[in-house]
Protein chains: 2
Amino acid sequence: MTVTSVHDPSHREALWELEDAFERGDLVSVFGRCTVSYEGRAASDLGAGDRLLVLKPDGAALVHTDEGRQPVNWQPPGSEHHAAVREGRLRVRSTRDNPDETLTVRFERVHQLSAMAVTGGRDLELHGSEEDLRTRILERPDLVETGFEPRETERPSSAGPMDIFGVDADDTPVVVELKRRRVGPDAVGQLARYVRALKEELGVDDESDAEDAPAVRGILVAPSVTDRAAERLADRRFDHVALEPTPAE
Amino acid sequence: MTVTSVHDPSHREALWELEDAFERGDLVSVFGRCTVSYEGRAASDLGAGDRLLVLKPDGAALVHTDEGRQPVNWQPPGSEHHAAVREGRLRVRSTRDNPDETLTVRFERVHQLSAMAVTGGRDLELHGSEEDLRTRILERPDLVETGFEPRETERPSSAGPMDIFGVDADDTPVVVELKRRRVGPDAVGQLARYVRALKEELGVDDESDAEDAPAVRGILVAPSVTDRAAERLADRRFDHVALEPTPAE
DNA sequence: AGATAGATGTCGTCT
DNA sequence: AGACGACGTCTATCT
């Protein structure tokens, strides 16, 4: 059998089951009334309440309430789970180094504990990412602009790698920044850094950087931009090309 | 009793339990072998395997494998859960509008299904946040610099609200940007936008913005900065003050 | 509803 | 191990 499960166990019973599950490398879920405290990158305390504790064999720990996509407390993979009975109660502790942090869950009562040996696919096939957008442009550069010629992807610069580097119909260098969804001002800042770095690298002076024909162009490719982002694009004389990661149906 | 739990139920049994749990507003966990597909902001497919499905009464749905802090698939709060038996199998679907997205989990087999009525504390007391850092500085402005005087927090500007606005010992305006942990170049860009906005607002011309005494100063308060961030700070003639959100023990 | 910035963000990738 | 940027980021706050 792949699943073990106990209903309303004593704290000591719960401890045995937990230790066995850790030993087997099971994925564990514990329903119960507990308090939670965390100390590490920050520090937090959570009063008594019913929660779901998930313990993974890779060291991840998650404490979920009845609300939210995010766990109310957690510990990243690579941590170590320890269970014990202290003062007559089940205590589960998950710790890691670098940074030093500890998550402690103290159960007043355990309602349900289940453990399962996990097998099977872990590989997610995801479509619609920034990489899809890059592929799309490399296959059809004219989607960016007539005459646009990609020269390099992930081109290094002193400001980090730029998404796509190329030239336009006039052979002017072009830095393309890709975003898979609507963007705010931060993306323009990122593009500006790459353009500035490339200008420095090419030794462009302010003279040759004419009002109507910049020496290095910046193009932000994204489905859409916020008003503030549009302002900043105009300030910097960058262009925006509206494009989705995947063709509209 | 607050918890209901079934072991190796038939798909139809599982369906009844799920519908009851939705009705009661329970927090639900399902262990089983399933395939998962998502369609919405992106699209993804996940082949058969053992996973833990968590369904929350607020509409959140999480699919967890045995690895990682993040669910391999999910649906945010506000979604609607629907369960059905299709082709002899339990199918759980979670949908929402704006954006339109759907998560579908098809179970080949349900190993364990538990549901719990959740009561009790949801309020987390968290320490060590950016707000703690702000409080710390407002109580002891000299931690930033001798003579520093905070005047306003969240002061509005055309580039958005700045964390702390104040003046230094020479009555020069100071924009303070707070970060709770080590920062990269992006934080400097953010600070630069606020400083530029304030200069424009105050009508500072390049004349009065002397080499050694800027008309508006920028200070980045963070535990530490990366090399690249330090360069960009130097370029802009901004200062860095090393400070933690909470005093070191 | 959209916009903006924080987060114990997490996660992959590259140096 | 640190740095950097993407993410179906999520989440709170403000307009």
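Note that the coordinates shown come from a computational prediction; the quantities given were computed from them, not determined experimentally.
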With a 4.0 Å cut-off on heavy atoms, is [X] in touch with a base, just the backbone sugar-phosphate, or nothing at all?
| X | answer |
| --- | --- |
| A:Gly128 | nothing |
| A:Ser129 | sugar-phosphate |
| B:Pro77 | sugar-phosphate |
| A:Ala159 | sugar-phosphate |

Query raised in the report: Looking at B:Glu67 and A:Lys56, does any basic side-chain N land under 4.0 Å from a carboxylate oxygen?
Result: no

Requested in this report: Report yes or no: do B:Ser224 and B:Arg182 form a side-chain donor-acceptor pair below 3.5 Å?
Outcome: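 Checked: B:Ser224/B:Arg182 side chains pair up, N/O donor to acceptor below 3.5 Å.
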
Query raised in the report: Going by atom types only, do B:Thr65 and B:Arg51 share a side-chain donor-acceptor pair under 3.5 Å?
Result: no

Can you measure [X] atom [atom1] to [N] atom [atom2] for me and round it to whole angstrom units?
| X | N | atom1 | atom2 | value |
| --- | --- | --- | --- | --- |
| B:Gln70 | D:dC7 | CD | P | 14 Å |
| A:Lys179 | D:dT9 | NZ | P | 11 Å |
| A:Glu231 | C:dA3 | CD | P | 12 Å |
| B:Asp123 | D:dA12 | CG | P | 11 Å |
| A:Arg134 | D:dA6 | CZ | P | 11 Å |
| B:Ile164 | C:dG6 | CD1 | P | 13 Å |
| A:Arg228 | C:dA3 | CZ | C1' | 8 Å |
| B:Arg155 | D:dC14 | CZ | C1' | 17 Å |

**Report entry** Sub-4.0 Å heavy-atom contacts from residues 180-197 of chain A onto DNA chain D, ordered by number
**Finding:**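 Here the set is A:Arg180, A:Arg181, A:Gln190, A:Arg193, A:Tyr194.
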
Requested in this report: Could you check which residues of residues 46-63 of chain A get a heavy atom under 4.0 Å from DNA chain D? Sort them by number, please.
Outcome: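 Hits under 4.0 Å, by residue number: none.
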
From [options], nucleotide with atom closest to [X] side chain:
| X | options | result |
| --- | --- | --- |
| A:Glu177 | C:dA7, D:dA6, C:dC11 | D:dA6 |
| A:Asn98 | C:dT10, D:dG2, D:dG8 | D:dG2 |
| A:Trp74 | C:dT10, C:dA7, D:dA6 | C:dT10 |
| B:Arg41 | C:dG6, D:dC10, C:dT8 | D:dC10 |
| B:Arg69 | C:dT10, C:dG6, D:dC10 | C:dT10 |
| B:Asp163 | D:dA6, C:dG6, C:dA1 | C:dG6 |
| A:Glu130 | C:dT4, D:dA6, C:dG9 | D:dA6 |

Query - Nucleotide paired to D:dT11 in any strand shown, Watson-Crick or G-U, under 3.5 Å - result: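 In the structure as shown, D:dT11 has C:dA5 as its Watson-Crick or wobble partner.
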
Query raised in the report: So, is B:Thr226 close to the D:dC4 phosphate, meaning a side-chain N or O under 4.0 Å from OP1 or OP2?
Result: yes

Within the side chain of [X], is there an N or O that forms a donor-acceptor pair under 3.5 Å with the backbone of [Y]?
| X | Y | result |
| --- | --- | --- |
| B:His81 | B:Ala60 | yes |
| B:His240 | B:Ala234 | no |
| B:Arg228 | B:Gly184 | no |
| B:Asp50 | B:Phe31 | no |

Rounding to the closest angstrom, what is the interatomic distance between [N] and [M] at atom [atom1]?
| N | M | atom1 | answer |
| --- | --- | --- | --- |
| D:dG5 | C:dT8 | P | 22 Å |
| C:dC11 | D:dT11 | P | 15 Å |
| C:dA7 | D:dC7 | P | 22 Å |

Query - Quiz item: B:Gln75 side-chain donor-acceptor pair to D:dG8 base, under 3.5 Å - result: yes

Query raised in the report: In terms of heavy-atom contacts, does CG of A:Asp235 have more than 12 from other residues, nucleotides or ligands at under 6.0 Å?
Result: yes

Query raised in the report: Are more than 12 heavy atoms from other residues, nucleotides or ligands located less than 6.0 Å from atom CD of A:Glu39?
Result: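 No - once you tally the heavy atoms of other residues, nucleotides and ligands closer than 6.0 Å, there are 12 at most.
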
Requested in this report: By nearest nucleotide on DNA chain D, pick out whichever of B:Asn73 and A:Gly160 is the more 5' one.
Outcome: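 By nearest-heavy-atom nucleotide position, the 5'-most residue is A:Gly160.
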
Report summary line: On DNA chain D, more 5' by nearest nucleotide between B:Ser44 and A:Glu67 is B:Ser44

Query raised in the report: Going through the distances and angles, do A:Phe238 and A:Val175 end up as a side chain to side chain contact (heavy atoms under 4.5 Å, CB included)?
Result: CA-CA 10 Å; A:Phe238 294 155; A:Val175 178; over 6 Å; no

Report summary line: Whichever of A:Pro76 and B:Leu178 has the more 5' nearest nucleotide on DNA chain C, that residue is B:Leu178

Requested in this report: Taking all heavy atoms of A:Ser129 and all of A:Pro245, pick out the closest pair and write down the distance.
Outcome: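 That would be O-CB, 3.7 Å.
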
**Report entry** Test side chain to side chain contact (heavy atoms under 4.5 Å, CB included) applied to A:Asp132 and A:Leu126, step by step
**Finding:** CA-CA 10 Å; A:Asp132 289 314; A:Leu126 183 66; over 6 Å; no

